[in-house]
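Notes for the one structure printed next.
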Amino acid sequence: MIYYGRSVRARGYYCLSALGLIICLMLVSACTPREAANQGATREITDDLGRRVSIPAKVDRVISLAPNLTEIVFAVGAGDRLVGRTSYCDYPPEAKAIPVVSDTLHPNLERIIALKPQVVLVSTASQLEVFTQQLKGQNIAAFVTDPHDLEGVFRSIDQIGEIVGEKDKANVLVQKLRERTNAVEQAVRDKQPVKVFYQASGEPLYTAGHDSYITDLMRRAGGASVTADVPGAWPKFSNESALAARPEAIILPTGGSMGAANANVAEALRQSPAVLQGRVYKINDDHLSRPGPRLVDGLEEMARALHPDAFGT
Amino acid sequence: MTLEGHNITVAYDHRIAVADVTLSLKQGEITSIIGPNGAGKSTLLRTLNGQLPRSSGAVLLDGEPIERLNRRSISRRIAVVAQEAELRFPVTVVEFVLGGRFAWATHSGWGWETERDVDIAESVLRETELSDLSARLMNELSGGERQRALMARALATEAPILLLDEPTANLDLSHQATLLSLVRARCDQRRAAALVVTHDINLASEFADNILLMKQGRTVHSGKPEQVLTPEILHDVFEIRVLVDAHPVTGGPRITPVHEPISVNRDSRSV
Amino acid sequence: MNRVTLRKTIIACAAMAAALLLAIVLMSLLGSEPLPVRASLCALASFGTNACGLTQDQFDILFQIRLPRILLAAAVGGSLATAGAGYQALLRNPLAEPYLLGISNGAAVGTMIALVFFGAIEWTRPILAFSGALLATLAVYRLARGRAGATPERLILAGVIVTTFLSSVIVFVTVLMDATRIRSFTFWLLGDLSGASKTLLPVTIVIAIAGALALTLHARSLNLLMLGERDAFDLGVEVGRVRIVVFLVASLLVGSSVAASGSVGYVGLVVPHLARLSLGSDNRITIPAAALGGALFVIVADTVARTVIAPRELPVGAITALIGAPLFIYLLRRA
């Protein structure tokens, strides 16, 4: 036990109180909510988590925290209203001029606040539900999208169009995407669905499960996913079950921002009918992992791969 | 079997722990080192078994410099009894004592104890009166019993040279004498040599053949108990007044310290 | 229980080896795809020469997927338990464990660096993992050492420091990789035995056996080291040399396991502790028993991980932590 003399203790007390005061001031300033950016009218939109989000009537400062959301904003013609993006948002090329506020997993709250957005668009693919609570405390609206199928993606486009005030352009875009989707579905309507395995990652083996929009996509492309009933969105899958499933075709999302990863079929599938018949299809990952307008590109590519004869190729 | 130290000096960080000490342990004799705290007694002991490096001087075991010998060959000839480290794993008394046979193992890190090893362990357990406790865990023993187990382990090594650092520290009166009697018996019967570092001057007086008095790293006096345990010499070393008379039973010097009350000066600040 | 003899050791080890063999056979019958029991046993007994009526797929599942995975689990479990026993003797503390001390993290950093910079060349992974584990071991040793050896408090503190530092390094390296690989890495950092590679599996097995043998050959020295470095020195142990051997062997064991399967935690804590509880602290029996017991433990844990939510899989580290963490708390309270 060390005994401090009186003068040392007094100094200690002063230091502690000063520190305590500084900490209190910091907490108070952090807790004080910002002035609402728009005191004007607001509207309410329900996001994919069932939250009723209050959005200002006119939105001209938006931040996107996922690559697919950035693509949607640009696709509805609101690229000029985007003030922040993630480091992975690389499409369209104009997006690269926008300041970066995070990678998809670690958003920089300070930088986001500094850019004074009215709405922040969040994708649950990035698992940011906790973060949305922090944004609420700053009077910044956080809108969460979480599509489980293609319809859900179209809805995201419509909702984001409404948020940024480009409802008409969004409607036109969704209409065109629907036409393309219908064309694909028509083409493969009479074909026998192909047993397909979607390999999201090879070692360890991850696939698309029941809750993933990929499963819906594959169905529309004329495939029958062997993992369609597996619970969850992106389950880690047993090697044995993959082998036993004997898929006739394998989809490998690779390239794009993913680079050379996932370019090889998993070991357990090397003897599958798909491999033995050469039906392993590499598709640009950016067309499959980003639930946005380019997902329909992915749909078309998958359909062409699974049913080449239906498309005159 | 001889252990000699010539002009041993141990210095670290500007502090000199042992300065130019020469001593030699003879077979059949107990040498005791006494001195105030910080005199360098334990440091000297640790230098003699090769654990602490010296700044200068030589330590010779059977005429050979101790640096040239390997660890096991030293441990067969020198055994140390010191304060025990904290035991965090459950170990029985007999396992603990058998540890003393390690230096005699034919394969260095592996191998199993021989029949002879077990016999020796049982015999030293008898000598230290621990036979009844042989199957118990070391943690279950009292401080004094653990000290005896340490002694038993050292005896199990059958080393002819014993270095003991405060061996009676935790022992009650009856066991203090028993332990040193054991050492005495080893020296007499098996021609062992022992070095005992202790604070207990009367025990040293009773059991030691030679006494070395150390102060601030130096040997200030050495010789037989009757020669060095005098009031003048003890005052010089410990800076305390003592009375020395003849022990009624053994006849050797009996030292009684004289405690003077501390005077409190009215002007001085309180401590 | 007086003292450990050669006879007791042989009996205990033979019993555990038999249990291990039984486990290998039984667990290879379990999995997300049902296999016919009789045919599978027949095929196993013939060492894969006779298919005994199994279809090609079933045969492949049994011999190409399940059995390699079970053997990897055995090698990883044995390695980690042996390393744990070694660290406990070296640091003189029954709570020393490669995962808790951050040594597994060190190996993980090494493996990640190998994956990022030398991705395709598999043998760089165990080598860099070994280096990472060695550096982490040195760091923990320096931080935890006091005059009384590593007290539980110093050890845990040292472990926390090394673990948190290395975790930040892992996050830093993860940022160098793209987002899509992050999820699979998280899984791997909790232990994943699904990637039994044809080149690394034999290496992992050989290292597990060699490491256990190496530490067992020093078991008697470790017995003394465990009770105090100074006492061990006095009694004739070459403390410096034994320390280096344990450092190197334990780091190699942790490195090879983590490179093959990620960090599987608590094995080095639970298994040696149970071995000591039932067989005593003599390392001549507890090290081989821990090696065999660790293999058994991880095989069973991995079978649970790959069957309980089939066809999905849990990371095996989640199962070992479920068992190990409560045990750790219990041990901490008793210490």
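Below, all heavy atoms of this structure are taken into account, side chains as well, without hydrogens, waters or symmetry copies. Chain identifiers are assigned alphabetically (A, B, ...) following the order of the sequence lines, protein sequences preceding nucleic acid strands; residue numbering begins at 1 within each chain.
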Would you say that more than 12 heavy atoms from the other residues, nucleotides or ligands in this model lie under 6.0 Å from the [atom1] of [X], or not?
X	atom1	value
C:F247	CZ	yes
B:I16	CD1	no
B:E67	CD	yes

Once you round to the nearest 0.5 Å, how far does [atom1] of [X] lie from [atom2] of [Y]?
X	Y	atom1	atom2	answer
B:N70	C:E238	CG	CD	6.5 Å
B:L98	C:L224	CG	CG	10.5 Å
C:L235	B:I78	CG	CD1	12.5 Å
B:F89	C:N223	CZ	CG	10.5 Å

Of all of B:G99, B:A79, B:A103, B:A82, which one pairs up most often with chain C through heavy atoms under 4.5 Å apart?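 Looking at each of B:G99, B:A79, B:A103, B:A82 in turn, B:G99 comes out on top.
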Heavy-atom distance under 4.5 Å to chain C: side chain of B:V93, backbone, both or neither?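 Neither the backbone nor the side chain of B:V93 comes within 4.5 Å of chain C.
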Indicate yes or no: at least one non-hydrogen side-chain atom of [X] is less than 4.5 angstrom from one of [Y].
X	Y	value
B:R71	C:V237	no
C:R230	B:R46	yes
C:R220	B:W112	no

Closest non-hydrogen atom pair between C:L227 and B:F96, with its separation: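 Heavy atoms only, the tightest pair is CD1-CD1, 4.0 Å.
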Name the region of C:Q88, side chain, backbone, both or neither, that has any atom closer than 4.5 Å to a heavy atom of chain B. both
Considering only heavy atoms, give the residues of residues 152-160 of chain B separated from chain C by less than 4.5 Å, sorted numerically, with 'none' for an empty result.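 Residues of residues 152-160 of chain B touching chain C at under 4.5 Å: B:R153, B:T157.
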Within residues 22-44 of chain B or reaching into it, pairs that qualify as ring-ring contact (aromatic ring centres under 6.0 Å, His included) - sequence neighbours excluded: none
Heavy-atom pair count under 4.5 Å with chain B, highest-scoring of C:T9, C:L6, C:D231: C:L6
Stepwise side chain to side chain contact (heavy atoms under 4.5 Å, CB included) test for C:F233 and B:S75: CA-CA 8 Å; C:F233 178 87; B:S75 300; over 6 Å; no
Donor-acceptor pair, side chain of C:S281 and main chain of B:V91, under 3.5 angstrom: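 Here the side-chain-to-backbone pair does not exist.
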